[in-house]
Amino acid sequence: MKIPNPISLHLLTISFKIHKNHFSTAAAAASTNTNLTTLFNKYFDKTDVYSWNSLIAELARGGDSCESLRAFSWMRKLDIKPNRSTFPCAIKSCSALFDLNSGEQTHQQALIFGFESDLFVSSALIDMYSKCGKLSNARVLFDEIPQRNIVTWTSLITGYVKNDDAHEALMVFKEFLFEKSKGNGEEVGTSVDSVAMVSVLSACARVSNKAVSEGVHGVAIKVGLDKVMGVENTLLDAYAKCGEVSLSRKVFDEMAEKDVVSWNSMIAVYAQNGLSTDAFEVFHGMLKNGGGKYNEVTLSTLLQACAHEGALRVGMCLHDQVLKMGYVNNVIVATSIIDMYCKCGQAEMARNAFDGMKEKNVRSWTAMIAACRIHKNVELAEISARELFKLDPSNYTVWGLEAQNHETRKQSVTAQRLPLEQEYIMNYLEHDK
DNA sequence: GTAGGGTTAG
């Protein structure tokens, strides 16, 4: 029986997971899940590349990238020949996992099967290399493509943005516009789309230059994409990051429709510019007109506004809401809570929130150290700093602690010198070959 | 049947 209808595919996806368990825990599989395993074995045609493609795609779409890659390698072990639809999904799973090794291997396979000039494969590869920090590989691939389309252009632009080079991202966009103006292929208006505009505008947000943002906004108007919600959301952010809060608000007010990202973005604009009252006001509007649907980003941003305003009572109320909605284990949200308590002068509450955190990272330690300082608990600050030091030896918070403790100071010096020593050793070994 | 995007923490 052939697969792809959505319902059986869903069943197969589940049965695939069970199938995997079947080998590791035979007993468990034998009890309750035998039916699905049987289903899988019965309906999944393991000789059919289309079945494998569907499975790999479905798993990748569902965020189960690990299983998606397992499916790909299983398929290869059975010596099933992949086709042009197999690779984009498999490569996408490598990017999602930031797995450069698998990415390179999959790239090699794509070359072996002759898909090096396939645009779907190329754009997935450009995305994969840039997500894995290998932007130069992405660039080489891009330069080798004879006929680029908007997706390959966008992949490269996004790659530069994600690798902290928004300026180069804008240069690539400029190159794109130039190429179109020469009359090569389609015109700008027909080739650019909203995803590309969003990507370019996110680069504008990072370079924070008003003229540049206005220029890109102009392009969006010219090609008729300025009224697309996603574009408006990014444009709003881009203007705010240039310090143009009123322009940002203008975009927001003129939106025909707003989603949760629109509301969150506008709240963030005010919270980040110290305009807490406006941030609360937008949230009020969100509750009234936004269908009352807010998320962890909303709460985290509002906590930031409370931190700025010293609005402890609102902050505590938001903390309650975080607990109710089950966001307490989200590192960003939890860090916002610690920071809010800290800035409201409640070091004890900050510490309680910190102790309750399941997962801690550099930012939460940093917020905790700040709370200790406010509480004038030098000893605890010192202990926290040492913990932070283990996570991130180059963190400025540790350096800023004035290293009262001799040991901390000694470790600091070692950490500063270590990279140089490593470089020296590497050089030495290179020349000794 | 397949590729690319936006908001939140010091």
Side-chain angles (χ1 to χ4, degrees), chain A residues 3-4 6 9 49-58 60-61 82-92 95 115 118-128 130-131 138 148-159 161-162 193-205 228-238 240-241 258-269 271-272 279 294-305 307 327 330-340 342-343 361-371 395-397 400:
Chain A
I3 313 301
L9 190 60
V49 63
Y50 294 95
S51 307
W52 285 105
N53 287 354
S54 306
L55 186 62
I56 293 166
E58 187 69 13
R61 224 192 335 267
N83 65 16
R84 64 200 299 262
S85 302
T86 316
F87 286 104
C89 281
I91 296 164
K92 190 183 176 177
S95 337
F115 296 116
D118 186 286
L119 277 180
F120 278 71
V121 175
S122 308
S123 39
L125 283 172
I126 291 169
D127 179 58
M128 184 277 292
S130 54
K131 286 217 172 86
R148 299 156 188 154
N149 69 4
I150 190 60
V151 181
T152 48
W153 281 98
T154 310
S155 301
L156 188 68
I157 290 170
T158 308
V161 177
K162 289 269 154 72
D193 65 6
S194 66
V195 178
M197 286 315 313
V198 166
S199 180
V200 175
L201 283 165
S202 77
C204 293
V228 176
M229 201 200 291
V231 175
E232 292 173 301
N233 288 347
T234 334
L235 184 61
L236 181 171
D237 183 53
K241 296 268 161 67
K258 298 176 178 79
D259 66 0
V260 67
V261 176
S262 325
W263 291 100
N264 287 350
S265 303
M266 198 64 232
I267 294 171
V269 169
Q272 283 163 3
Y294 55 91
N295 62 14
E296 76 280 13
V297 179
T298 325
L299 295 173
S300 173
T301 315
L302 287 168
L303 281 160
Q304 195 190 345
Y327 295 135
N330 177 308
V331 185
I332 295 176
V333 175
T335 306
S336 310
I337 292 171
I338 297 168
D339 190 52
M340 181 276 295
C342 173
K343 298 251 169 75
N361 68 4
V362 171
R363 299 223 196 232
S364 45
W365 279 108
T366 306
M368 177 60 190
I369 293 169
N395 193 283
Y396 76 93
T397 312

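Not measured: the values here are computed from a predicted model. Numbered from 1 within each chain, the chains take letters A, B, ... in sequence-line order.
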Engineer: Which nucleotide wins on minimum distance to the side chain of A:Q304, given the candidates B:dG1, B:dT7, B:dT8?
Structural biologist: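 The answer is B:dT8, which lies nearest to the side chain.
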Engineer: What is the distance, to the nearest angstrom, from the CD atom on A:E296 to the P atom on B:dT8?
Structural biologist: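 Computing the A:E296:CD to B:dT8:P distance gives 13 Å.
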Engineer: Describe the nucleic acid contact of A:I126 in one word from base, sugar-phosphate, nothing, applying a heavy-atom distance below 4.0 Å.
Structural biologist: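 If one applies the 4.0 Å heavy-atom cut-off, A:I126 turns out to touch nothing in the nucleic acid.
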Engineer: Of all the choices, B:dT8, B:dG1, B:dA3, which nucleotide is nearest to the side chain of A:A268 once you look at every atom?
Structural biologist: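 Shortest atom-to-atom distance from the side chain points to B:dT8.
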Engineer: Go through the side-chain N and O atoms of A:T158 and A:S199 and say whether any donor and acceptor fall under 3.5 Å apart.
Structural biologist: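 Indeed, the side chains of A:T158 and A:S199 share at least one donor-acceptor pair under 3.5 Å.
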Engineer: Closer than 4.0 Å, any side-chain N/O of A:K131 to the OP1 or OP2 of B:dA3?
Structural biologist: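 Looking at the OP1 and OP2 atoms of B:dA3, neither is under 4.0 Å from any side-chain N or O of A:K131.
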Engineer: Can you tell me which nucleotide in B:dT8, B:dG5, B:dA3 comes closest to the side chain of A:T301?
Structural biologist: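 Shortest atom-to-atom distance from the side chain points to B:dT8.
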Engineer: Please state how far atom CG in A:L299 lies from atom C1' in B:dA9, giving the value in whole angstrom units.
Structural biologist: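 A:L299 atom CG is separated from B:dA9 atom C1' by 14 Å.
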Engineer: So A:I157, base contact, sugar-phosphate only, or nothing? Heavy-atom distance under 4.0 Å.
Structural biologist: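 No contact at all - A:I157 keeps every heavy atom at 4.0 Å or more from the nucleic acid.
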Engineer: Would you say a side-chain N or O of A:Q272 is under 4.0 Å from OP1 or OP2 of B:dT7?
Structural biologist: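 No, because none of the side-chain N or O atoms of A:Q272 sits under 4.0 Å from OP1 or OP2 of B:dT7.
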Engineer: Reckon A:K258 touches a base, only the sugar-phosphate, or nothing at all at heavy-atom distances under 4.0 Å?
Structural biologist: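 No contact at all - A:K258 keeps every heavy atom at 4.0 Å or more from the nucleic acid.
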Engineer: Is it the case that the side chains of A:D237 and A:T234 hold a donor-acceptor pair, with the cut-off being a distance below 3.5 Å and no angle test?
Structural biologist: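 No, A:D237 and A:T234 have no side-chain donor paired with an acceptor closer than 3.5 Å.
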Engineer: Taking N and O atoms by type only, does the side chain of A:S123 place a donor or acceptor under 3.5 Å from a partner on the base of B:dA3?
Structural biologist: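 Between B:dA3 and A:S123, which were checked side chain against base, a qualifying N/O pair under 3.5 Å is present.
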Engineer: Between A:I338 (CD1) and B:dT8 (C1'), how many Å, whole number?
Structural biologist: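 Computing the A:I338:CD1 to B:dT8:C1' distance gives 15 Å.
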Engineer: Quickly work out the A:M229 CE to B:dT7 C1' distance and round it to whole Å.
Structural biologist: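 A:M229 atom CE is separated from B:dT7 atom C1' by 13 Å.
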Engineer: Counting heavy atoms from C-beta on, name the nucleotide in B:dA9, B:dG1, B:dG4 closest to the side chain of A:T335.
Structural biologist: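 Of all the options, the side chain of A:T335 is nearest to B:dA9.
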Engineer: Let me know the distance between CZ of A:R84 and P of B:dG1, rounded to the nearest Å.
Structural biologist: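 In whole Å, B:dG1 P and A:R84 CZ are 13 Å from each other.
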Engineer: In terms of side-chain heavy atoms of A:R363, which of B:dG5, B:dA9, B:dT7 is nearest?
Structural biologist: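 Of the candidates, B:dA9 comes closest.
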Engineer: In whole angstrom, what separates A:I332's CD1 from B:dA9's C1'?
Structural biologist: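 Rounded to whole Å, this separation is 6 Å.
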Engineer: Could you tell me the separation between the CD1 atom of A:I267 and the P atom of B:dT7, rounded to a whole number of Å?
Structural biologist: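 Those two atoms, CD1 and P, are 15 Å apart.
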Engineer: Assess whether one donor atom and one acceptor atom, taken from the side chain of A:S199 and the base of B:dG5, lie less than 3.5 Å apart.
Structural biologist: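 Absent.
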Engineer: In terms of side-chain heavy atoms of A:A124, which of B:dA3, B:dG4, B:dG1 is nearest?
Structural biologist: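 It is B:dA3.
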Engineer: Would you mind telling me which of B:dG5, B:dG4, B:dT8 lies closest to the side-chain atoms of A:S194?
Structural biologist: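 Of B:dG5, B:dG4, B:dT8, B:dG5 is nearest to the side chain of A:S194.
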Engineer: Just compare B:dT8, B:dG1, B:dG4 and give me whichever is closest to any side-chain atom of A:S155.
Structural biologist: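 Nearest to the side-chain atoms of A:S155, counting from C-beta on, is B:dG4.
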Engineer: For A:N330 and A:E296, work out which heavy atoms get closest and say how close.
Structural biologist: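 So the two residues come closest at ND2-CG, 3.7 Å.
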Engineer: May I ask you to say what A:D118 touches in the nucleic acid, namely base, sugar-phosphate or nothing, with a heavy-atom cut-off under 4.0 Å?
Structural biologist: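 A:D118: no heavy atom of the nucleic acid under 4.0 Å.
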Engineer: Counting side-chain heavy atoms from CB outward, which of B:dT7, B:dA9, B:dT2 is closest to A:V297?
Structural biologist: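 Out of B:dT7, B:dA9, B:dT2, the nucleotide with an atom closest to A:V297's side chain is B:dT7.
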Engineer: Using the side-chain heavy atoms of A:N361, tell me which of these nucleotides is nearest: B:dA9, B:dG5, B:dA3.
Structural biologist: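 My answer, after comparing the listed nucleotides, is B:dA9.
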Engineer: In whole Å, what is the span from the CG atom of A:N330 to the C1' atom of B:dT8?
Structural biologist: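 The answer, rounded to whole Å, is 9 Å.
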